[in-house]
Amino acid sequence: MDNAARDARRPKLRVATTSLAGCFGCHMSLLDIDERLFDLVELVDFDRSPLTDIKHCGPCDIGLIEGGVCNAENVHVLREFRRNCKILVAVGACSVNGGLPAQRNHLDVGACLQQVYQYREGVAGAQIPSDPELPLLLDKVRPIHEVVRVDYFVPGCPPSGDALWKFLTDLISGRTPRLSHPMLHYD
Ligand code: SF4
């Protein structure tokens, strides 16, 4: 049986994706696989993702997490993904080590909020937003492995489309993902 016939007989895997404290750049990089997106949707169905309208992550084979953890809602979403995804992947520098948003970690979060919301010139009577609907910030931005167990880390800010394609097709085919040296970078 050739590869195409074998893939056609294989049940589709279910993939969920989310952006926590990310910039959506890693999702843009996923879209950078360009026409291979047609091949991808033959191989997988998407569950919760910024690319779908599904609000909660259901049982999935693979969860791709962009972004670190900066607020209470991020923690909630990340735990939901961990509960439901057999394989959880940290995608991109923010998810792997906190990334650029973690540069706020040497600052006091209360002082940051005051600086942005209260002390800005030209905004009279401004207050720090306190509606209970808004998620509270954590004191530090955390990589996701400090909150849940992570199965794979894909570095890069963002990882290239080619790296994400290689990683996903390895995983979907049941191979241990291996990225060549040129595909591994941290910037
Ligand atoms: S790793 Fe880079 S591209 Fe990905 S979410 Fe973070 S800042 Fe954006």
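Atoms within a ligand are numbered from 1 in the order they appear, just like the ligands themselves. Excluded from the calculations below are hydrogen atoms, water molecules and symmetry mates; all remaining heavy atoms, backbone and side chain alike, are included. When a residue number appears, it is its place in the shown sequence, counting from 1.
- Expressed to the nearest 0.5 Å, how far CG of L168 lies from CG of L64 amounts to 5.5 Å.
- Within 6.0 Å of the NE2 atom in H56, the count of heavy atoms belonging to other residues, nucleotides or ligands does not exceed 12.
- For the pair G156 and ligand 1, a heavy-atom separation below 4.0 Å is found.
- By the 4.0 Å N-to-carboxylate-O rule, R149 lies close enough to D151 to be salt-bridged with it.
- Here the CG atom belonging to D45 is positioned 10.0 Å from the CG atom belonging to D61, to the nearest 0.5 angstrom.
- Distances from atom 8 (Fe) of ligand 1 under 2.8 Å pick out these protein N/O/S atoms: C23 SG.
- For the residue pair T17 and H27, a side-chain donor N or O sits within less than 3.5 Å of a side-chain acceptor on the partner.
- Connection of L30 to F81 is not established within any shared hydrophobic cluster, with ILVMFWY side chains joined at heavy-atom distances below 4.5 Å, either directly or through further cluster members.
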